[in-house]
Amino acid sequence: MFSPSSRNHSQSSPYEVSRIKHGTSSHEIENPEEEALALFRRVLRMRPLPSVVRFNHLLGQISKTKHKSVVISLFNQMGLLGIMPDFFTLNILINCFCHLNHMGFSLCVLGKFVKSGYAPDTVTLNTLMNGFLLEGKVDEARECFCKMTKGGCKPDIVTYNSLLNGFCKVGDTTAAVQLFRNMEKDRFCKPNIVSYNTVINDLWRTQAAMELLCKMQDCGPLPNIRSYGILLDGLCKNGQLQETIELFRNTEEKKLPLNIVIYNILIGGMCKAGNLVAARDLFSQLSSKGLQPDARVYNTMISGLLDGGLIDEAINL
DNA sequence: TTAGGGTTAG
């Protein structure tokens with residue numbers, strides 16, 4: 001039986017936790033979470049007991065409401081009634097432990113998986129890796145990836161992208177690029193737009209980022225507005241004004257849906273370069289493009305004007 | 001199939 005201490009819940013019964021949280025009486029069912037819990041309690045009293053599939057349905061529903069420790073408590077109640085967990089139950093349980101930062105318990109369940117004769121699948125792999133990455137444990141995520149794929153688990157695009165993002169977050173660009181190359185070689189799982197944007201976001205200071213964009217334009221997947229946003233931001237940060245303007249024109253030509261973030265990047269870039277005329281021009285274009293300036297754009301424009309000594313204009317903006 | 005999950009630009 002699994003019984004980790006919960007960080008977020010008291011020792012009340014699952015149903016009580018739910019009632020307290022939502023302030024309802026025991027007779028009022030107000031949301032799907034309460035409905036699932038009430039149903040679970042009814043199902044526990046049924047004789048003969050329903051199949052494990054029915055229980056999995058309910059556990060899955062409750063798990064989606066983010067009450068992971070409640071799921072674990074219900075799983076234990078199932079055990080007391082002699083309901084054997086199946087492949088799906090165990091994956092749900094692993095997911096709950098991962099979200100509660102109880103990776104030790106997640107690995108215990110994995111052991112139970114193997115002992116019961118189940119082979120962990122892509123869902124198990126992604127869930128475990130996500131658990132490690134949530135804790136910032138990239139090395140453990142990598143080890144998990146290596147061990148499980150060697151053991152026959154097939155990685156999918158999410159497996160790769162999760163690890164890619166993990167490497168980028170800790171600044172391990174070499175590992176990220178290596179993994180990206182492995183994906184390019186993988187016949188079954190080529191990099192997609194998420195993979196490209198993740199790597200471009202990591203390489204924005206380098207020429208390699210622009211080369212990746214060209215590659216996308218030539219061979220696909222086609223870059224989206226976020227790909228351009230990442231690069232425009234990089235060019236602005238590098239002070240490459242001419243390249244910024246060219247790339248922006250390229251974005252316009254491709255008729256990609258320009259948004260307020262793109263304009264804020266450009267306005268900030270122009271202000272930084274001291275080109276307040278261009279910054280003001282971009283700002284004044286917003287309404288004609290159907291875009292509503294938000295607080296951040298105002299902030300960028302006002303800061304630019306103040307830095308340029310145009311105090312009255314900043315006040316009257 | 002009942003389970004899981006990825007970029008996140010200002």
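Throughout, protein chains are lettered first and strands after them, A, B, ... in sequence-line order, and every chain is numbered starting at 1.
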Heavy atoms only, 4.0 Å cut-off, all strands: where does [X] land among base, sugar-phosphate and nothing?
| X | answer |
| --- | --- |
| A:N299 | nothing |
| A:S195 | nothing |
| A:L59 | nothing |
| A:K272 | nothing |
| A:V199 | nothing |
| A:I262 | base |
| A:F55 | nothing |

Please table the atom pairs, donor to acceptor, closer than 3.5 Å between any side-chain atom in residues 199-212 of chain A and protein atoms at least two apart or in another chain.
| from | atom 1 | to | atom 2 | distance (Å) |
| --- | --- | --- | --- | --- |
| A:D202 | OD2 | A:T173 | OG1 | 2.8 |
| A:T206 | OG1 | A:L203 | O | 2.7 |
| A:T206 | OG1 | A:A208 | N | 3.3 |

Kindly give the heavy-atom pair with the smallest separation between A:S195 and A:P191, and that separation in Å.
OG-CA, 3.4 Å

Shortest non-hydrogen contact from A:F145 to A:L163?
CG-CD2, 3.8 Å

Strand-adjacent residues in residues 218-235 of chain A, judged by heavy atoms under 4.0 Å from DNA chain B:
A:I225, A:R226, A:G229, A:I230, A:D233

Partner residues of [X] under the salt bridge (Lys or Arg N to Asp or Glu O under 4.0 Å) criterion, sequence neighbours left out:
| X | answer |
| --- | --- |
| A:K169 | none |
| A:D307 | none |
| A:K272 | none |

Do A:R187 side-chain atoms and A:E184 backbone N/O form a donor-acceptor pair below 3.5 Å?
no

Evaluate A:F97 against A:K68 for side chain to side chain contact (heavy atoms under 4.5 Å, CB included), listing each step before the verdict.
CA-CA 7 Å; A:F97 283 128; A:K68 310 293 184 188; over 6 Å; no

At a heavy-atom distance below 4.0 Å, which nucleotide of DNA chain B is the first touched by chain A, and which is the last?
B:dT1 to B:dG10

